[in-house]
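Data block below; observations after.
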There are 4 protein chains.
Amino acid sequence: MNDMSVTAPDKATTRQNILDAAVRIFREKGFQKARVSDIVSAAGLAQGTFYLYFRSKEDIARQICKKFMDRFTRIFEEDHEVFDSTSLSELHVRIRKMIHSALKTLKEDANAAEIVLREGIGQGGLFKELYEDLILSFIELLREKISMGASRNILGIRDPHTTAVFIVGLVERSFFFFMIMKKELDIDTIAADMSAFILKGLDPAPLP
Amino acid sequence: MNDMSVTAPDKATTRQNILDAAVRIFREKGFQKARVSDIVSAAGLAQGTFYLYFRSKEDIARQICKKFMDRFTRIFEEDHEVFDSTSLSELHVRIRKMIHSALKTLKEDANAAEIVLREGIGQGGLFKELYEDLILSFIELLREKISMGASRNILGIRDPHTTAVFIVGLVERSFFFFMIMKKELDIDTIAADMSAFILKGLDPAPLP
Amino acid sequence: MNDMSVTAPDKATTRQNILDAAVRIFREKGFQKARVSDIVSAAGLAQGTFYLYFRSKEDIARQICKKFMDRFTRIFEEDHEVFDSTSLSELHVRIRKMIHSALKTLKEDANAAEIVLREGIGQGGLFKELYEDLILSFIELLREKISMGASRNILGIRDPHTTAVFIVGLVERSFFFFMIMKKELDIDTIAADMSAFILKGLDPAPLP
Amino acid sequence: MNDMSVTAPDKATTRQNILDAAVRIFREKGFQKARVSDIVSAAGLAQGTFYLYFRSKEDIARQICKKFMDRFTRIFEEDHEVFDSTSLSELHVRIRKMIHSALKTLKEDANAAEIVLREGIGQGGLFKELYEDLILSFIELLREKISMGASRNILGIRDPHTTAVFIVGLVERSFFFFMIMKKELDIDTIAADMSAFILKGLDPAPLP
DNA sequence: GATGAATGAGTCTTCATTCAT
DNA sequence: AATGAATGAAGACTCATTCAT
């Protein structure tokens, strides 16, 4: 804000530079193989500077993941009233919208998402607990909603919990496949296909 | 059987002891954090002994994963004629059987499965390529079968490839959730629910 | 010169300290038996510091030897016009001067010379190729000059190449004996005796 | 000697097989890099067998070198009356003969000679003392004889010790060059050239 | 705020040697 | 005599973290 701020980058900027560099490096090499020296040299700073902004290598990784997961959780929670739908057709619209916004959020920060998914599942185990809690909370949320739908007879599944697991797994790994492995994710199409597939799976009509 | 065989373990036994110990340690700590010294002390051997049987820490991990993946691939390939079914009801039976045997195989060697799933996805990247190739080959196999089913109008999906991704993701992550996170997998129930869910998703009937 | 310069050694100083310590340790123990920990503790530094300055134990040894051999080669090449002499008496003066300066150079950096001579010949073989190439180039240079002298009838030997080998061997091993084994080398005397001995050997007059 | 000796190799044979294999391996890799496992597998035996015949890796190397050096010393001592010659021309004949037989002995067991020369000079230092003692004893022997020749005025050199060093160095390194580096040593020619060169160097006639 | 030189704990891997069979 | 599986000490190298300037 003052006239100094033009020449010297302020703390916030330097911090963000380090974060950006770290996201890139973590995604490329993974947490374990990424060196602090990789991050600082990508950010154009000296080794020691890193520790003025972050307590440790684990600290910055945790912050990156935490921030991403929080953001994703918020989006998800905003959308979750989707299952309050009273008809299957209304549900169809809402579910597609929810999947669309979830994929959109993931895609917008695909680097962080990749770090979270890989480190969360990988045995490195840095965020195993954090990540597994997140997944559990999604599953629980979904289970509740599915239970409600099932009780109103608009959904036809045996066990809401199991079904919630199916859906979360399907969405998570499909995102991983298209966005992270294939580096190409057409949100509109995938969201449409995915909601159609899931909807049928939830359909109360019995199998032929 | 004779009194000699009790005292001295032969090379095969020692090798298997190391493998068993390694599977345990890798599952507990992950490849990166597992030390060779952890493995040998779990096997009750000296450091150097390890290198009489395996070229390196990476070597043993690769052997464990390779063996498991080969076994799983074989099981999967034996079952894959499932989609040659001519009716949806026959398909239902076959698909449940296939999922059942896949889950059974995974459960039978749950430790190795966990290592493969975690290391295959994790950025540590030791088996990323190997694992992603495996997933791709499953998806491709499934895509072919689904395409055939779709052409015979017994399946109703927009794009066989996308659908194959959905199914593989659903099965993989559900196994991960129940067997690895929850440590409890009731194969019969899950296979039934999973095949029902998938079958509906594949149903040629339009959404209501 | 100011009070700051006393406290903190700069990178060049630290590097030189490591080099000095390494020369000492390599000479005492030889390359194979010298441990990096010996070098750093002789230099009063921590293990890791070594790797800030040198890529590996082999790297530093190679640098020490390369630098020494380059310096020696330069001295030798500056002097080599010695054999352009037109008379045996002029040759005598020049040859003594050349031997003198060769011995002087070797003596001035006797530690590095010892490392080069021992490692160059020893089967450890770190510098075998490098060193044998050096010897070959000296022999070739000498051979050329002797050939010229022989063609002008101021030298009387059967084969210039063989004679060059004799001379290089004589000088090398005599230096080794006096400087490295005996730790005492009177350059003036040895250069005089050596040039006299060699000169007679080159004399065109037949044996009595 | 008995009828068993045909089928099973006796101790002496096995011992010799190990020695032969060791000479080969030591020459190829040098003492430090040669592994006991290299030696036994070259000899077609098991690891443990080695230690039935030799106390340690160093032990066998020492025996190989000791045996070679003893043999060489014996040859040399048989010939050393060469300098008792009363005339330069008689000396010429005798010196050539001595050099010839030294080179012949070295060449006959070139592998062992190479090991001794390389390990004796190399910093590995296994035989440094042993070898340097040997060299010193040759020099001393030569010095005595040269002294006698000088006192009888058939040799014209300033200092017998220095001259002895020159000669030993010349012979040793020339052998090294032709036999070990070039793998080709024409004993007759080299002995002739060498004795001519040395003889002139010893000639009492002053330089022109 | 920033720097970057220094630190040293942590681990894989090699290989001479032993010993039970 | 021979075997070969097992041992364990030794040492190079990495990299997160500290701190004096």
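Below, chains carry the letters A, B, ... as their sequence lines are ordered, and counting in each starts from 1. These values consider heavy atoms only, across backbone and side chains, with no hydrogens, waters or symmetry-generated copies.
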Revision key, fill the gap. Rounded to whole Å, the CG-P distance (B/D38 to E/dC12) equals 8 Å

Check your understanding: Using a cut-off of 4.0 Å between protein heavy atoms and nucleotide atoms, how would you tag nucleotides 11-18 of chain F 5' to 3' with B, S and -?
Key -> SSBBBSBB

Review point. If each of C/Y53 and A/A46 is mapped to the nucleotide of DNA chain E with the nearest heavy atom, which maps nearer the 5' terminus, i.e. the 5' end?
Key: A/A46

Check your understanding: Can a salt bridge be assigned to the pair D/D70 and D/K66 using a cut-off of 4.0 Å between side-chain N and carboxylate O?
Key -> yes

Check your understanding: Could you give the CD1-to-C1' distance, from A/I39 to E/dT3, as a whole number of Å?
Key -> 18 Å

**Study point:** Nearest-Å distance for atom pair CZ/P, residues A/R15 and E/dA2
**Key:** 13 Å

Practice item. Assess whether salt bridge (Lys or Arg N to Asp or Glu O under 4.0 Å) is satisfied between A/E58 and A/R62, documenting all intermediate values. Key: CA-CA 6 Å; A/E58 181 168 331; A/R62 201 173 287 278; 2.7 Å; yes

Check your understanding: How close do D/A112 and D/I64 get, heavy atom to heavy atom, and via which atoms?
Key -> CB-CG2, 4.4 Å

Study note, to complete from the structure: Separation of F/dA6 atom C1' from B/N17 atom CG, nearest Å, is 14 Å

**Study point:** Aromatic ring pairing D/F68/D/F72, orientation class (parallel under 30°, perpendicular over 60°, tilted between)
**Key:** parallel

Check your understanding: Whole-Å distance between E/dA16 C1' and D/F54 CZ?
Key -> 16 Å

Check your understanding: In dot-bracket notation, what is the pairing pattern of DNA chain E, taking Watson-Crick (N1-N3 plus N6-O4 or O6-N4) and G-U wobble (N1-O2 and O6-N3) contacts under 3.5 Å, with [ ] crossing and | for other strands?
Key -> .||||||||||||||||||||

Review point. Checking B/Q32 side chain against A/Q32 main chain: does a donor-acceptor pair fall under 3.5 Å?
Key: no

Review point. Going through the distances and angles, do B/E114 and B/R118 end up as a salt bridge (Lys or Arg N to Asp or Glu O under 4.0 Å)?
Key: CA-CA 6 Å; B/E114 178 169 355; B/R118 291 203 189 269; 2.9 Å; yes

Exercise for review: Search all heavy atoms of B/Q47 against all heavy atoms of B/V40 and return the closest pair with its distance.
Suggested key: OE1-CG2, 3.6 Å

Review point. So, is D/T14 near the phosphate of F/dA1, with a side-chain N or O under 4.0 Å from OP1 or OP2?
Key: no

Review point. Which pair of non-hydrogen atoms, one from A/L117 and one from B/I121, has the smallest distance, and what is that distance?
Key: O-CG2, 4.1 Å

